[in-house]
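Since the structure is predicted, the reported quantities are computational estimates derived from the model, not experimental observations.
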Amino acid sequence: ELTRHAELVGADYAIVINPYPIVRTDAMARAFYEYLCAGVEIGVSLFNSSVGGFTLSPRLVAELAEIENVIAIKNAQPSSHTMEVRRLAADRIAVMDPNEENWLVSHATFGQQALNSEPTVFLYQTAAHQPIREYTELLDRQRTAEALAIHHRLWPVREIYKRWIG
């Protein structure tokens, strides 16, 4: 219902978190996404989070990537999981690792297009100090050493974030 509403008000796509609490198997998750996607024409971006108690396996993500309007996944999972999702599905959908710590490598090496729904973009930056934006722009201009230097300067802030929030 919310995805149809998003379509009606003009959204290009909707981000949909894993269904919960009733979905506990791949077959149930597949049926959910097939039903949801059949009811709308806009794109659907999967949000693979274990918050609801169910995580989409890389194999299931690859199967869901076959659905015409599944366009992306925000894969809030360990790096090994994201790498397997990329291997199995990146030729059909955009695969996004939402972790800023991995953004530089994800963007440079895997062509990740966006740092999607990541709170650290707002926690680590201000209007006058935007190191994530700065290192991304440097990376896009092939100034990798400068981008890496800024990326590395954020480690103390990342450690505080991990200790208190993440």
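Under a 3.5 Å cut-off, the side chain of Glu7 and the backbone N or O of Glu41 do form a donor-acceptor pair. A donor-acceptor pair under 3.5 Å is formed between the side chain of Thr25 and the backbone N or O of Met28. Here the side chain of His81 pairs a donor or acceptor atom with the backbone of Leu56 at under 3.5 angstrom. Proximity of a side-chain donor or acceptor of Gln125 to a complementary backbone N or O of Arg133 within less than 3.5 Å is detected. Checking side-chain atoms of Gln112 against main-chain N and O of Asp97 turns up a donor-acceptor pair under 3.5 Å. When atom types are taken as modelled, the side chain of Asn18 and the backbone of Phe54 share a donor-acceptor pair closer than 3.5 angstrom. Between the Glu159 side chain and the Trp155 main chain, no donor and acceptor come within less than 3.5 Å of each other.
Using a 4.5 Å cut-off on side-chain heavy atoms (C-beta onward), Val16 and Ser45 make no contact. Between Arg158 and His151, the closest side-chain pair of non-hydrogen atoms falls below 4.5 Å. Residues Tyr135 and Leu104 are in side-chain contact: their nearest non-hydrogen atoms beyond the backbone lie under 4.5 Å apart. Contact of the Glu100 side chain with the Ile132 side chain is registered, since non-hydrogen atoms from C-beta on lie closer than 4.5 Å. Two residues are said to be in side-chain contact when any heavy atoms from C-beta on lie closer than 4.5 Å; Leu138 and Thr144 fail this criterion. Residues Ile73 and Asn48 have side chains in contact (heavy-atom distance under 4.5 Å, counting atoms from C-beta outward). In this structure, Asn116 and Pro98 have side chains that are not in contact, with every pair of non-hydrogen atoms separated by 4.5 Å or more. Contact of the Val44 side chain with the Ile71 side chain is not registered, since no non-hydrogen atoms from C-beta on lie closer than 4.5 Å.
In terms of heavy atoms, Leu139 sits closest to Ala108 at CD2-CB, 3.6 Å. Residue Pro131 comes nearest to Ile150 through the heavy atom pair O-CG2, 3.5 Å, listed as atom of the first residue, atom of the second, then distance. When all heavy atoms of Ala127 and Gln130 are compared, the closest pair comes out as O-NE2, 3.6 Å.
Transitive grouping of hydrophobic side chains (ILVMFWY, heavy atoms separated by less than 4.5 Å) keeps Val70 and Leu88 in distinct clusters. In the hydrophobic cluster analysis, where Ile, Leu, Val, Met, Phe, Trp and Tyr join through side-chain heavy atoms closer than 4.5 angstrom, Tyr124 is grouped together with Trp164.
Under a cut-off of 6.0 angstrom, the local environment of OH in Tyr13 is sparse, with at most 12 non-hydrogen atoms contributed by other residues, nucleotides or ligands. Within a 6.0 Å sphere centred on CG of Leu2, heavy atoms belonging to other residues, nucleotides or ligands number 12 at most. Heavy atoms from other residues, nucleotides or ligands lying under 6.0 Å from NE2 of His5 number 12 at most.
For the ring-ring contact (aromatic ring centres under 6.0 Å, His included) test, residues two or more places apart in sequence or in another chain that qualify with His107 are Trp103.
Between Glu137 and Arg143 there is no salt bridge, since none of the side-chain N atoms of the basic residue sits less than 4.0 Å from a carboxylate O of the acidic one.
Among residue pairs with one or both ends in residues 70-88, those qualifying as salt bridge (charged side-chain N to carboxylate O under 4.0 Å, His left out) are Glu84-Arg87; sequence neighbours excluded.
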Practice item. Take Lys162 and Glu101 through the salt bridge (charged side-chain N to carboxylate O under 4.0 Å, His left out) test and state the conclusion after the steps. Key: CA-CA 11 Å; Lys162 286 178 189 176; Glu101 186 175 322; 2.9 Å; yes
Exercise for review: Would you sort out whether Val95 and Phe110 count as a side-chain contact (heavy atoms from CB on, under 4.5 Å), showing the intermediate values?
Suggested key: CA-CA 9 Å; Val95 178; Phe110 304 108; over 6 Å; no
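From Thr136, atom OG1 reaches atom CG of Leu115 across 7.5 Å, with rounding to the nearest 0.5 Å. Atom CZ of Arg4 and atom CG of Leu8 lie 9.0 Å apart (nearest 0.5 Å). Between the CD atom in Gln113 and the CE atom in Met96 there is a gap of 7.5 Å [rounded to 0.5 Å]. To the nearest 0.5 Å, atoms CD1 (Ile93) and CG (Leu46) are separated by 6.0 Å.
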Could you go through residues 61-69 and list every donor-acceptor pair under 3.5 Å that involves a side-chain atom there, pairing it with any protein atom two or more places apart or in another chain?
from	atom 1	to	atom 2	distance (Å)
Glu63	OE1	Arg30	NE	2.7
Glu63	OE1	Arg30	NH2	2.6
Glu66	OE2	Arg92	NH1	2.3
Asn69	ND2	Cys37	O	3.1
Asn69	ND2	Val40	O	3.2
Asn69	ND2	Ile42	O	3.1

